[in-house]
Amino acid sequence: GVVMSTACGVGHVGAITTSGSLYMWGSNQDHQLGVTLKDGSQATLIPTHVSIPERVVQVSCGFTHTICVCRGGAMYSWGSGMMGKLGLGHDRDIQSPERVPMSKVVLPEQIKSLGHLCFVSSCCGQYTSAAIGVRFSLSLSLSLSLPLSFSLSLSACLSVSLSVLN
């Protein structure tokens, strides 16, 4: 596919194609490419496909880690886990993409009680990561009484938040 966006870290690069595939190349010293290179190499100049079970829409490359956001709002991270920057609830290095569990994401108190969270963007620094999420809830109530009384009520709530992953 055709490349629609790219991101650069200190020594690695990510590119997303129009079909939602992610390719990475550069240094893999801290597993920031999310793949195991042939012959145990620490780097590659060849764009290498990263296996992620969902369509990727955004990628961020940090100093030694990578985060991507998928079409359905899921987020995956991999590479150096120093200082908890992968958002996985620990500081271990991760060799291949791992889905960031929503239970590990730090949210402002007023947003926690609202419905489902979808990530829409992420960014990576040297020791930190952050994501922008959209949280929404929808409720519908319907009442019908005979002979001809009808009532319908619909309410929705949308909230945007910035979450720090570590």
Side-chain angles (χ1 to χ4, degrees), residues 1-108 111-112 115-136 159-166:
V2 176
V3 172
M4 67 173 200
S5 69
T6 59
C8 298
V10 171
H12 68 295
V13 178
I16 303 170
T17 65
T18 52
S19 64
S21 294
L22 176 63
Y23 291 85
M24 304 287 299
W25 64 96
S27 172
N28 199 33
Q29 187 172 356
D30 292 289
H31 313 293
Q32 61 265 49
L33 299 184
V35 296
T36 301
L37 299 174
K38 294 178 183 174
D39 67 33
S41 177
Q42 294 288 314
T44 182
L45 298 177
I46 300 168
T48 305
H49 181 260
V50 179
S51 180
I52 295 177
E54 302 176 59
R55 186 179 179 139
V56 177
V57 295
Q58 195 254 341
V59 63
S60 298
C61 297
F63 194 72
T64 54
H65 69 295
T66 306
I67 293 177
C68 74
V69 176
C70 296
R71 184 175 169 186
M75 186 164 49
Y76 290 80
S77 63
W78 60 95
S80 169
M82 182 188 302
M83 299 178 73
K85 63 188 170 189
L86 297 178
L88 299 172
H90 58 73
D91 62 359
R92 296 186 307 275
D93 294 353
I94 300 297
Q95 294 184 12
S96 58
E98 188 170 314
R99 189 173 180 150
V100 176
M102 297 300 173
S103 62
K104 302 292 183 191
V105 176
V106 178
L107 292 170
I111 294 179
K112 285 183 181 180
H116 182 71
L117 177 68
C118 290
F119 292 107
V120 293
S121 185
S122 65
C123 59
C124 300
Q126 183 171 356
Y127 299 115
T128 59
S129 300
I132 295 175
V134 176
R135 187 173 278 275
F136 61 92
S159 178
V160 178
S161 66
L162 173 65
S163 302
V164 177
L165 299 183
N166 53 339

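- Between Leu37 and Gln42 the shortest heavy-atom distance is CD1-C, 4.1 Å.
- Atom-to-atom distance recorded for Ser80:OG and Arg92:CZ is 13.0 Å, nearest 0.5 angstrom.
- Legend: residues meeting salt bridge (Lys or Arg N to Asp or Glu O under 4.0 Å) with Arg99, ordered by chain and number and at least two apart, are Glu54.
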_Steps toward side chain to side chain contact (heavy atoms under 4.5 Å, CB included) verdict (Val35, Ser96)_ = CA-CA 6 Å; Val35 296; Ser96 58; over 6 Å; no
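- Nearest heavy-atom pair across Pro101 and Gly87 is CD-O, 4.2 Å.
- For the pair Gly14 and Met24, the tightest heavy-atom approach, listed with the atom from each and the gap, is CA-SD, 3.4 Å.
- In this structure, the separation between CD1 on Ile16 and SG on Cys68 is 7.5 Å, given to the nearest 0.5 Å.
- Take Thr64 and apply the side chain to side chain donor-acceptor pair (under 3.5 Å) test, not counting sequence neighbours, and it matches Lys85.
- Just one residue in the list Thr48, Thr44, Val13 forms a side chain to side chain contact (heavy atoms under 4.5 Å, CB included) with Leu33, and that residue is Thr44.
- Note that CD of Glu98 is 12.5 Å distant from CE of Met75, once rounded to the nearest 0.5 Å.
- Donor-acceptor pairing under 3.5 Å is recorded for the side chains of His12 and Thr66.
- In this structure, CG on Asn28 lies 8.5 Å from CD on Gln95, to the nearest 0.5 angstrom.
- Partners of Ser77 by side chain to side chain contact (heavy atoms under 4.5 Å, CB included), not counting sequence neighbours, listed by chain and number: Ile67, Leu86, Leu88, Val100.
- For the atom pair Trp78 CH2 and Gln32 CD, the distance stands at 11.0 Å (nearest 0.5 Å).
- For Pro97 against Ser51, the heavy-atom pair with the smallest separation is CG-O, 4.0 Å.
- In this structure, CD1 on Ile46 lies 12.0 Å from CH2 on Trp25, to the nearest 0.5 angstrom.
- At least one side-chain heavy atom of Cys70 sits under 4.5 Å from a side-chain heavy atom of Ile52.
- A donor-acceptor contact under 3.5 angstrom links the side chains of Gln58 and Ser60, judged on distance only.
- A 4.5 Å side-chain heavy-atom check between Met82 and Asp91 finds every atom pair outside the cut-off.
- The number of heavy atoms from other shown groups lying within 6.0 Å of CD (Gln29) does not exceed 12.
- Closest approach of Ala43 to Ser27, counting heavy atoms only: CB-CA, 4.0 Å.
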